[in-house]
Amino acid sequence: MEGLILHNPNPYLSKTPFLHSSFRPRITPYLCCRTLSFSVTCKVKASQDKKPKNVSNKIVLSEAAPPLAEETDNNSANNTEAEVKPGNGSGLMMKLVKRLPKRILGALSNLPLAIGEMFTIAALMALGTFIDQGEAPDFYFQKYPEDNPMWGFFTWRWILTLGFDHMYTSTIFLAMLSLLGLSLMACTYTTQIPLVKVARRWNFLQSGEAIRKLECSEILPRASVQDLGVVLMGAGYEVFIKGPTLYAFKGLAGRFAPIGVHLAMLLIMGGATLSAAGSFRGSVTVPQGLNFVVGDVLNPSGFLSKPTEAFNTEVHVNNFYMDYYDSGEVKQFHSDLSLFDLNGKENDEGPFNLAVAPLKINGDKKLYGTFLPVGDVDSPDVKGISMLARDLQSIVLYDQEGKFVGVRRPSSKLPIDIDGMKIEILDAIGSTGLELKTDPGVPVVYAGFGALMLTTCISFLSHSQIWAIQDGTVVIVGGKTNRAKVEFPEEIDSLLDRVPEIIEPSHNVLNNNDA
C-alpha cells in the first residue's frame, strides 16, 4: 500500500481502448477527500472489463429545486419522520384517528399492544368454537352446571353474562375488533404514511460525509455521476440528477404495501363484523309438495340485520329424494326447489299425506312410524293400521292387532289386504331440511382477503435508494434498502463495476499525435 498524489484538471472519458488503465483502485469509504488534489490510501483491484447494458441516455436533470420537498442536511438520509396532513380522500375513519391526541395515537400504534389484541381475538374465537353457539339457556344450565364447573370455575353464568353463547356478536368480541382496527389505523397514520411520504422525496445529499454514513457506501476515484445514472437506469432505477448530486430509487411500491395490508385487514374485520351482526339465519323442514316464505324462516343475528326484498320469496319443494348405497345407507340427498315471489304461480295441493314421526329404538339407526285410523276416529280406543319405515325404500305394515302383515315398496302398485281393506302405498314422501342464511359481509371479507394476498406479495419488494455526489473526479456512492440486506451490497458492487473510468491522456500519445 502506498500514498498517491493525483491531479487531473481536465478529465475526460476516453473511448479509445488502449487508453484504459489496467487496474482500477477502489478507495475505502472512511477517508476524507478534497477536490482536485488529494492523498489517499488505496487498494489495487483488477479491473473487470464489463460493458454497460444498452440503456436510455435520458436522465432527469434539475438545475432548480425539484418540485418535491428535499432534504439537504447530513441527517436527511436517515430521516423517517415527517409531518403528515392527509388529504380529503383519507376517509372518515382516518379523520377520526387524526383528531385523537398524540399520546393516545402513540399508545394505540404500539406493536406489543396490537399483538396482544390479535392473540385475545384468537382466544375468543377458539372459545366460541368450543362453546355451542345460539342454544337456549336451558342447554347451558345442563352442560355447564354450577355444582360441577368446568376447569373449576367456568359455569353457565360466564357464558350468559359475557355473551359467549353468541360469541361473534358479543360486546367483548366486537370491542376487541374495534380496538385492533384503531391500532391498525393509528399505525398507518403515525408510521406508514410518513415513511411513504419520505420515500417519495428527492433527497439530494450535498455532503459526501452523509453518504459515507449510509449502510452501504463506496468511492469511485475516477468516474462521472452521469455515467453512474445511466448504469442505474439500466438496472431499473428512477434516476434524478441535480448538479453534482444524484438520487435514484426503485421498488417504491414496497413502501405502499404495509398500508394496503392494514386496509385489507380492516376490510376483513369489517366484513366479519357485518356478517356476525348483520346477517340472518334459519332452518326449516318442509315436506315434498309444500311451500314456505323465506322471511318466515330467517331470524336476525344482530343489531345490523336489515331485511331485504329477497325475504318475500316463496319456496316450493317440488321433489325430495335420496340415492342409496348397495348396503341401504343413504348416499346423497336431493331437493328440487322452485322460487316464486308473493304474486307468483299458485301451487296445487298435493295428495293426502300421513305424517311420520321418529321413534326411539335401541341403536343409532332411526325408525319412523305413522298410523292410519280405522273406524271412529273420535273414539278414545281408536284402532288402525300401523306403518313403519327405516327409509323411503320400503314400508312395513301391521294390522289393528299389531300383527305383521307385509312389506310394500312405494309406487309398486301392489295392494295389500289388511282386515278386509286393500291398502296401496303410492309414495313415501321425504321432508327436506334446509339451512338458509343471508350474509352481507361475505363480499367484503372476500375483497379483504384478496387485497391481503396481493399487498402481502407486494410488501416483499425491496425499496432501494442510492445517493451519489461528484467531488472532482471522485464519485462517492451510498445506498440503503428496507429488505434484501445481504443482496443489496452485492448489487451495488455489480453496478459500480459497470461504471466507465475517466483517465488522464497519455503525454506520449499526445506528442505522437502532434508529430
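What you see is a predicted model, and the numbers here were worked out from it, not measured in a lab.
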Verify the distance criterion only: is there a donor paired with an acceptor across the side chains of [X] and [Y] at less than 3.5 Å?
| X | Y | value |
| --- | --- | --- |
| T481 | Q465 | no |
| S279 | R281 | yes |
| S207 | E209 | no |

* Asked: For the rings on W158 and F153, is their centre-to-centre separation under 6.0 Å?
  ->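 Yes, the ring of W158 comes within the 6.0 Å limit of the ring of F153, centre to centre.
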* To do: Determine, using ring centers only, whether F311 and F280 are less than 6.0 Å apart.
  =>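 Yes.
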Measure the shortest side-chain to side-chain distance between [X] and [Y] over non-hydrogen atoms and say whether it is less than 4.5 angstrom.
| X | Y | value |
| --- | --- | --- |
| W467 | K480 | yes |
| D439 | L274 | no |
| I193 | I259 | yes |

* NZ/NE/NH1/NH2 to OD/OE distance under 4.0 Å, R222 and E501 ->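 Yes.
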* Contacts of S338 that satisfy side-chain hydrogen bond (donor to acceptor under 3.5 Å, both in side chains) - sequence neighbours left out ->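 Residues passing side-chain hydrogen bond (donor to acceptor under 3.5 Å, both in side chains) with S338: N318.
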Sidechain-backbone polar pair: [X] side chain, [Y] backbone, donor-acceptor under 3.5 Å:
| X | Y | result |
| --- | --- | --- |
| Q133 | M167 | yes |
| S462 | S464 | no |
| Q470 | V225 | yes |
| T188 | L184 | yes |

* **side-chain hydrogen bond (donor to acceptor under 3.5 Å, both in side chains): pairs with one or both residues in residues 442-461, sequence neighbours excluded** =>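 Checked against side-chain hydrogen bond (donor to acceptor under 3.5 Å, both in side chains) - neighbours excluded - no pair reaches residues 442-461.
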* Answer yes or no: are there more than 12 heavy-atom neighbours, outside F460 itself, under 6.0 Å from its atom CZ? =>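 No.
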* In terms of heavy-atom contacts, does CD of E146 have more than 12 from other residues, nucleotides or ligands at under 6.0 Å? ->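 Correct, the count exceeds 12.
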* **From L111 atom CG to T191 atom OG1, the distance as rounded to the nearest 0.5 Å** =>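 One finds 10.0 Å between CG of L111 and OG1 of T191.
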